[in-house]
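To keep things clear, I will list the structure first and then write my remarks on it.
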Amino acid sequence: MHDFSPLAGSDKPALYADLIAAARAITDGEPDAIANMANVAALIWQYVPDLNWAGFYRLVGDELVLGPFQGKAACIRIALGSGVCGTAAATRATQRVEDVHAFPGHIACDAASASELVVPVVHDGRLIAVLDLDTPLPARFDEADAAGMEAVCAAIAPALQG
Ligand code: SME
């Protein structure tokens with residue numbers, strides 16, 4: 001149905017511009033937040049190289065609960081303030097972790113993960129979810145990735161609210 005073709009070897013500004021356009025297109029007019037999270041996780045998996053996990057944890061009550069993702073089966077519930085995801089949710093600040101083994105309380109869902117990027121998804125002042133990206137490469141994510149993923153989350157946040 002949708003045939004998005006990432007530009008091979010493109011630079012990061014081009015990659016994220018492309019990813020944002022695709023994420024907007026695939027969520028446009030669709031009110032189901034879970035379906036939209038599933039498609040955005042699939043797009044990120046397709047566009048962004050060297051990931052071993054990409055997906056969402058949703059804020060349900062006062063904890064994070066596993067949402068749509070690509071990668072290995074993962075832990076289901078994360079308390080606010082716990083691990084990288086819980087820290088991003090509690091502080092509403094992007095967590096860019098170059099070495100997950102050095103992060104206090106890191107939750108190892110896949111032993112292969114070496115670095116991680118977690119971006120809060122906020123809409124109308126409410127935390128909806130966090131976007132979690134893991135990679136087996138140390139220090140895989142730079143400031144351009146953090147800014148790019150924050151822009152992705154800002155663009156699609158209205159489509160991810162339950
Ligand atoms: N590493 C995360 C847990 C989620 S998995 O990586 C998919 C954390 O420390 O919050």
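Any value given below was found using the heavy atoms of this structure, including those in side chains, with hydrogens, waters and symmetry copies removed. What you are looking at is a predicted structure, and each value in this text was computed from that prediction instead of being measured. In each ligand, atom 1 is the first atom listed, and ligand 1 is the first ligand listed.
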Inset, instruction - Return yes if a side-chain donor-acceptor contact under 3.5 Å exists between Asn52 and Asp134, otherwise no. - result: no

Legend entry - Thr135 versus Glu116, side-chain donor and acceptor atoms under 3.5 Å: no

Legend entry - Heavy-atom neighbours of Ile76 CD1 exceed 12 at 6.0 Å: no

Inset, instruction - Using the test salt bridge (Lys or Arg N to Asp or Glu O under 4.0 Å), find all partners of Arg92 that sit at least two apart in sequence or belong to another chain. - result: none

Give every pair made of an N or O atom of ligand 1 and a protein N or O atom lying under 3.5 Å apart, one pair per line with both atom names and the distance to 0.1 Å, or write 'none'.
{"unit_1": "ligand 1", "atom_1": "1 (N)", "unit_2": "His106", "atom_2": "NE2", "d": "3.4"}
{"unit_1": "ligand 1", "atom_1": "1 (N)", "unit_2": "Ile107", "atom_2": "O", "d": "2.7"}
{"unit_1": "ligand 1", "atom_1": "1 (N)", "unit_2": "Glu116", "atom_2": "OE1", "d": "3.1"}
{"unit_1": "ligand 1", "atom_1": "1 (N)", "unit_2": "Glu116", "atom_2": "OE2", "d": "3.1"}
{"unit_1": "ligand 1", "atom_1": "6 (O)", "unit_2": "Asp132", "atom_2": "OD2", "d": "3.4"}
{"unit_1": "ligand 1", "atom_1": "6 (O)", "unit_2": "Asp134", "atom_2": "OD1", "d": "3.3"}
{"unit_1": "ligand 1", "atom_1": "6 (O)", "unit_2": "Asp134", "atom_2": "OD2", "d": "3.1"}
{"unit_1": "ligand 1", "atom_1": "9 (O)", "unit_2": "Val84", "atom_2": "N", "d": "3.0"}
{"unit_1": "ligand 1", "atom_1": "9 (O)", "unit_2": "Ile107", "atom_2": "N", "d": "2.9"}
{"unit_1": "ligand 1", "atom_1": "10 (O)", "unit_2": "Val84", "atom_2": "N", "d": "3.0"}
{"unit_1": "ligand 1", "atom_1": "10 (O)", "unit_2": "Cys85", "atom_2": "N", "d": "2.8"}

Legend entry - Asp132, Leu160, Leu64 screened by side chain to side chain contact (heavy atoms under 4.5 Å, CB included) with Phe56, the one that passes: Leu160

Inset, instruction - Could you check Lys12 against Asp142 for side-chain contact (heavy atoms from CB on, under 4.5 Å), going step by step and ending with a plain yes or no? - result: CA-CA 10 Å; Lys12 287 187 181 179; Asp142 61 15; 3.0 Å; yes

